[in-house]
Protein chains: 2
Amino acid sequence: MANVNKTRFAILGILNNMPGSGYDIKKNCDTGIAYFWNENFGHIYPVLKQMERDGVITKKEEKSEGRPSRNVYYITEKGKNELIDWLMRPVEPSPQRLELQLKLTFAKLIPVEKTIEELERVKERHKKSLEEFRRVEQEFFNSEDAQNYESYPYWYSNLRYGIGDAEFRIRWCEETIERIKFHNAIKKDK
Amino acid sequence: MANVNKTRFAILGILNNMPGSGYDIKKNCDTGIAYFWNENFGHIYPVLKQMERDGVITKKEEKSEGRPSRNVYYITEKGKNELIDWLMRPVEPSPQRLELQLKLTFAKLIPVEKTIEELERVKERHKKSLEEFRRVEQEFFNSEDAQNYESYPYWYSNLRYGIGDAEFRIRWCEETIERIKFHNAIKKDK
DNA sequence: GTATCCATGTAACCAGTTACATGATTGC
DNA sequence: GCAATCATGTAACTGGTTACATGGATAC
């Protein structure tokens with residue numbers, strides 16, 4: 001259950017908010033929820049077909065001039081029930097794989113400078129995304145609309161997660177760089 | 001490159017520290033680095049075979065009385081080079097999938113109480129692992145040996161990562177629960 | 001005239017999970 | 001007598017990625 005079918009539920013949730021095509025779903029992932037969720041076309045399209053067969057969504061072909069025709073999907077009653085069922089189930093902790101941490105474990109094999117460079121790069125990356133999160137937060141503070149949005153506390157909590165996570169990782173990178181430098185210095189002293 | 005062959009490098013790193021069997025490798029993952037890395041037998045054994053064919057490790061059969069015989073693997077020069085090569089390469093950011101955050105995005109479909117229960121559960125889980133991390137940290141402070149261990153700054157940084165991450169997530173759960181409660185209260189007021 | 005956006009899909013591939021099979025030894 | 005630990009492996013599966021194929025419309 002931990003490793004099953006997450007794409008399906010992501011699609012159900014997105015289509016429940018607003019019917020749309022596979023392309024729309026992908027766009028939705030890449031913009032709104034990109035920092036904690038991703039999907040790609042090669043998976044979305046076949047899963048949509050399967051979901052239609054299972055009766056959790058229905059397809060309507062939409063034709064308009066000057067544009068390719070779209071397959072617009074709508075969530076069904078059955079689909080909505082499946083979605084709610086999933087939402088009600090507790091999240092099972094899925095084992096993570098943190099490549100940076102794994103590399104650190106074996107880092108004695110390479111020069112400290114290399115590791116420090118890498119930590120600096122990672123830190124910069126988190127700083128960039130933190131800036132972006134902060135920008136979105138400001139935009140949100142300046143908009144009255146946003147605060148009346150039904151899902152606002154959930155949406156904003158996710159943003160706060162992104163901010164807090166980035167802040168923590170930046171601090172950790174700094175702390176780790178200092179630790180490595182310090183230990184390298186006293187090692188040379190001996 | 002982002003999604004390729006991580007098991008292979010994990011195995012190389014572990015065998016570089018100490019030769020061992022597939023069983024040993026699994027144990028190593030489940031104890032030392034479990035909170036940021038996982039492997040399972042169904043993957044380890046076939047990958048070991050492939051790595052032997054590629055000449056990055058060699059096998060020696062070890063027989064002893066009263067125990068099943070073990071296939072003990074040793075890293076080769078070629079394997080060590082491959083490991084160092086991987087360590088020197090920058091980590092590419094791999095898109096994450098945070099199920100809790102995805103669920104929060106669609107949480108308006110279920111009663112707030114359910115979401116709060118879930119956040120409490122998650123918070124408790126992180127509190128438990130934080131306790132464990134703190135215990136390990138204390139154990140480490142009380143041991144002089146550990147601090148002379150060559151990889152100590154790396155190992156300790158990883159522990160600090162676990163601690164900081166757990167602390168952040170606990171705070172976030174608390175903050176999120178408060179936010180949801182608050183918004184639910186003013187919604188009822190209207 | 002070139003890049004980007006809109007739009008859908010398939011095929012090949014691979015990493016990783018789960019379940020199954022086997023069997024000895026040790027500790028409670 | 002039963003559970004846990006030591007020990008290796010295979011088979012079936014599946015979730016997800018990457019690359020490929022196609023093609024019109026729009027914006028710079």
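Here is the naming used below: chain letters follow the sequence lines, and residue numbers restart at 1 for every chain.
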Decide whether a cation-pi geometry holds between B:K60 and B:Y74; the criteria are a distance under 6.0 Å from NZ or CZ to the six-membered ring centre and an angle within 45° of the ring axis.
-> yes
Using whole Å, report how far [atom1] of [X] lies from [atom2] of [N].
X     : N      : atom1 : atom2 : result
A:F9  : D:dG15 : CZ    : C1'   : 13 Å
A:E39 : D:dT18 : CD    : P     : 13 Å
A:E52 : C:dG9  : CD    : C1'   : 14 Å
B:K59 : D:dA7  : NZ    : C1'   : 13 Å
A:I44 : D:dT17 : CD1   : P     : 10 Å
B:K26 : D:dT5  : NZ    : C1'   : 14 Å
B:E62 : D:dT8  : CD    : P     : 10 Å
A:I25 : C:dG9  : CD1   : P     : 11 Å

For D:dG16, does OP1 or OP2 lie under 4.0 Å from any side-chain N or O of A:N40?
-> no
First encountered from the 5' end of DNA chain D, between B:P95 and B:N71 | B:N71
First of B:S21 and A:N38 reached from the 5' end of DNA chain D, by closest nucleotide | B:S21
Quick one: does A:W37's side chain get under 4.5 Å of A:E39's, heavy atoms only?
-> yes
Go through A:F36 and A:Y161 one step at a time and tell me if the ring pair (Phe, Tyr, Trp, His ring centres under 6.0 Å) criterion holds.
-> CA-CA 10 Å; A:F36 63 83; A:Y161 183 90; 8.2 Å; no
Is it the case that more than 12 heavy atoms not belonging to A:K108 sit under 6.0 Å from its NZ atom?
-> yes
Ring-ring centroid check A:Y23 A:Y45, cutoff 6.0 Å | no
Could you list all N or O pairs between the protein and nucleotides 10-15 of chain C that sit under 3.5 Å apart?
{"residue": "C:dT10", "atom": "OP1", "partner": "A:K49", "partner atom": "NZ", "Å": "3.0"}

With the side chain defined as heavy atoms from C-beta on, B:Y23 is closest, among C:dT8, D:dT17, D:dT8, to D:dT8
Do the charged groups of A:R134 and A:E137 touch, with an N to O distance under 4.0 Å?
-> yes
Check ion pair B:E174-B:R171 (N to O, under 4.0 angstrom) = no
